[in-house]
Amino acid sequence: MDAKITKQRLSRMLSYDWVKIIGVIVAICIVWSLVFTMTATQITPTQKFYVYSYVGNNGFSTKFTDLYQKTHENEFSYEILELGREELGNEVNTILEARFAVGEGDLMFIANAPNKKDSYTVGEGEEAETRYYNYTETFARGRVRFLYTLEGENSYFTQIEAYLSKYFFDDSGKADWENGALDEEKAKADFRTRVKKDKRFKTEAQLVVGEEADIKRLNRYRDALKEFYDYYDQALVRFETVTVTDYDGTEREYTCYLNLNPSTVVLDENGEKTWSDEGNLSYSETVPNDGLTKYLSYNEELEQKDGGTKLNTTSKNMCVGFLTMDSLEKKYRVEEGFQTEGLLLVNALIRAAHGIEK
């Protein structure tokens, strides 16, 4: 049998079988793609860091984006591999449903200001009055389970303290996260246990580098918590409480927001509102010179002395909620301690807004 390959035979084969050949090539490509996808190491919720700007806010400014990137480069730990940010609008519920379902979310920036699309009525008939929930209330009413509480035994900050207390001890061996020394041997041992399946740390040399990075991470977390408490003691920030009706119909208060720019109306000695030279309602803001507005802002209807309003860009009572996915399956939760990464960014934002040098 003559099986010699000739130009004529090759030409005939390609003429009749070219579709099959292309089909086989495509099939091979798809199979290889599936193999790589299924065998690749999946990024974990701990390794992602996502921030959101809630409905009503203006978009993240360029200054915020730059600060976010610099914080990732200079302050976030080695564990943060992916950054994300999203500005929430009309499709907020659909977007958050999808994001939260897979544990994507660390910080929610949100204004403690009236949401004109979320109203309720007080009184009846001619005495009926329309009032508005604040954006902080709108979010919490449907998703308070995704917000860390900021006060109490199991708050965001007490959880960080408890985590750090596993690694910092005084001279007598008693846990002392604030002033104790880091037990580096324990930190190294725990690191090796945690990264056994991490492909970034296969060799001994890689493990040694990782140990040093983890020691730096723990020291940085401790410093961040002490730094934040200092800002809180100076009243640069304050906690905000919202009232939410739970599934059983009971109204409960949740202290679940950090106000980054506490602001109040300035009153005179008689308790009456005061007005600026331009006729605008006067406010006392904690952050000077629009320092926070350069990073985060929303548009308000600023009350004027003549009874009208003026559209004004502001950051008064801009808040941040620390997001938790503890209500989800374990695979969608951030590992213990790593929620402190959010505090690193919040501290950086406070410093930038107030012009504080680190």
CD of Glu91: more than 12 outside heavy atoms within 6.0 angstrom?
no
Using a strict threshold of under 4.0 Å (side-chain N to carboxylate O), is an ion pair present between Arg222 and Glu178?
no
Identify whether the distance between the nearest side-chain nitrogen and carboxylate oxygen of Glu97 and Arg143 falls below 4.0 Å.
yes
Salt bridge or not between Lys310 and Glu278? Use side-chain N to carboxylate O under 4.0 Å.
no
Around atom CD of Glu127, are there more than 12 heavy atoms from other residues, nucleotides or ligands closer than 6.0 Å?
no
Would you say the side chain of Ile95 lies within less than 4.5 Å of the side chain of Glu86, judging by non-hydrogen atoms?
yes
Would you give the length of the straight line joining atom CG of Leu258 to atom CD1 of Ile110, rounded to the nearest 0.5 angstrom?
13.0 Å
Please check if atom CG in Asp171 has more than 12 non-hydrogen atoms from other residues, nucleotides or ligands closer than 6.0 Å.
no
Are Asn58 and Glu87 close enough, and set up right, to give a side-chain contact (heavy atoms from CB on, under 4.5 Å), and what steps lead you there?
CA-CA 8 Å; Asn58 296 320; Glu87 296 155 4; over 6 Å; no
Could you label the plane-to-plane angle of the Phe139 and Phe100 rings as parallel, tilted or perpendicular, counting under 30° as parallel and over 60° as perpendicular?
perpendicular
What is the minimum heavy-atom distance between Tyr78 and Ala213, and which atoms define it?
CD2-CB, 3.6 Å
So, the side chain of Ser276 versus the backbone of Asn280: is there a donor-acceptor pair under 3.5 Å, distance only?
yes
With rounding to the nearest 0.5 angstrom, report the OH to CG distance, Tyr283 to Asn312.
10.0 Å
Between Lys116 and Glu301, is there a salt bridge with N-O shorter than 4.0 Å?
yes
Gln159 (side chain) donor-acceptor with Asn154 (main chain) under 3.5 angstrom
yes
Within this structure, what is the OH-OH distance for the pair Tyr135 and Tyr54, rounded to the nearest 0.5 Å?
9.0 Å
So, for Gly142 and Arg145, which heavy atoms are closest and what is the spacing to 0.1 Å?
O-NH1, 3.6 Å
Is there a donor-acceptor contact under 3.5 Å from the side chain of Tyr156 to the main chain of Glu151?
no
With a 4.5 Å cut-off on side-chain heavy-atom distances among I, L, V, M, F, W and Y, is there a chain of contacts connecting Leu107 to Tyr231?
yes
Please test Ser172 against Asp170 for side chain to side chain donor-acceptor pair (under 3.5 Å), starting from the C-alpha separation and ending with a verdict.
CA-CA 5 Å; Ser172 67; Asp170 63 18; 2.8 Å; yes
Do Asp230 side-chain atoms and Lys226 backbone N/O form a donor-acceptor pair below 3.5 Å?
no
Do any N or O atoms from the side chain of Asn289 and from the backbone of Gly291 form a donor-acceptor pair under 3.5 angstrom?
no
Run the salt-bridge test on Lys316 and Glu300 with the 4.0 Å N-O cut-off and return the result as yes or no.
yes
Ignoring hydrogens, what is the shortest heavy-atom contact between Ser282 and Trp275? Give both atom names and the distance.
OG-C, 3.2 Å
ILVMFWY cluster, Tyr163 and Val195 together (side-chain gap under 4.5 Å):
no
Under 3.5 Å, sequence neighbours excluded: what are the donor-acceptor pairs made by side chains of residues 325-334?
{"unit_1": "Asp326", "atom_1": "OD2", "unit_2": "Thr324", "atom_2": "OG1", "d": "3.4"}
{"unit_1": "Arg333", "atom_1": "NE", "unit_2": "Leu328", "atom_2": "O", "d": "2.8"}
{"unit_1": "Arg333", "atom_1": "NH2", "unit_2": "Leu328", "atom_2": "O", "d": "3.1"}

What about Leu225 and Leu344, same hydrophobic cluster or not, with Ile/Leu/Val/Met/Phe/Trp/Tyr joined at side-chain heavy-atom distances under 4.5 Å?
yes
About how many Å separate NZ of Lys202 and NZ of Lys199, when rounded to the nearest 0.5 Å?
6.0 Å
Check each of Lys48, Arg217, Arg200 against Glu79 using the salt bridge (charged side-chain N to carboxylate O under 4.0 Å, His left out) test, and report the only one that passes.
Arg200
Considering all heavy atoms, the nearest Phe338-Ser77 contact
CE2-OG, 4.3 Å
Using a cut-off of 6.0 Å, state whether more than 12 heavy atoms not belonging to Asn90 lie near its atom CG.
no
Is there a donor-acceptor contact under 3.5 Å from the side chain of Thr274 to the main chain of Val266?
yes
His72 (side chain) donor-acceptor with Ile80 (main chain) under 3.5 angstrom:
yes
Answer yes if Val102 and Phe49 sit in the same cluster of Ile, Leu, Val, Met, Phe, Trp and Tyr residues linked by side chain heavy atoms under 4.5 Å apart, and no otherwise.
no
Between Thr136 and the options Asn115, Asn259, Asn112, Thr241, the side chain to side chain donor-acceptor pair (under 3.5 Å) test singles out Asn112
Under the criterion side chain to side chain donor-acceptor pair (under 3.5 Å), which of Gln206, Lys188, Arg192, Lys216 is the partner of Glu211?
Arg192
Search all heavy atoms of Gly210 against all heavy atoms of Phe201 and return the closest pair with its distance.
CA-CE2, 3.6 Å
Is a salt bridge present between Arg141 and Asp118, judged by a nitrogen-to-oxygen distance below 4.0 Å?
yes
Gln339 CD to Tyr221 OH distance, which is reported to the nearest 0.5 Å:
8.0 Å
Assign the ring pair Phe157 / Tyr229 to parallel, tilted or perpendicular, where the plane angle (0 to 90°) is split at 30° and 60°.
tilted
Within the supplied structure, the quantity of interest is the number of heavy atoms (other residues, nucleotides, ligands) at a distance under 6.0 Å from Glu73 CD; does it exceed 12?
yes
Parallel, tilted or perpendicular: which one describes the rings of Phe64 and Tyr68, with boundaries at 30° and 60°?
tilted
How far does CG of Asn74 sit from CZ of Phe76, to the nearest 0.5 angstrom?
11.0 Å
Establish whether Tyr148 and Tyr50 are linked, either directly or via other cluster members, by ILVMFWY side-chain heavy-atom contacts under 4.5 Å.
no
When you look at CZ of Arg99, are more than 12 heavy atoms from neighbouring residues, nucleotides or ligands closer to it than 6.0 Å?
yes
Look at Glu184 together with Lys186 and state whether they make a salt bridge at an N to O cut-off of under 4.0 Å.
no
Would you mind checking if Asp290 and Lys294 are paired as a salt bridge, meaning a charged N to carboxylate O distance below 4.0 Å?
no
Ion pair check, Lys70 and Glu75, cut-off under 4.0 Å
no
Mark yes when over 12 heavy atoms from residues, nucleotides or ligands other than Asn299 sit less than 6.0 Å from its CG; otherwise mark no.
yes
Within a reach of under 6.0 Å around CD of Glu153, are more than 12 heavy atoms found that belong to other residues, nucleotides or ligands?
no
Does Ala224 offer a backbone N or O that forms a donor-acceptor pair with the side chain of Asn347 under 3.5 Å?
yes
Who else is in the cluster with Val122 when I, L, V, M, F, W and Y are joined by side-chain contacts under 4.5 Å?
Tyr120, Tyr133
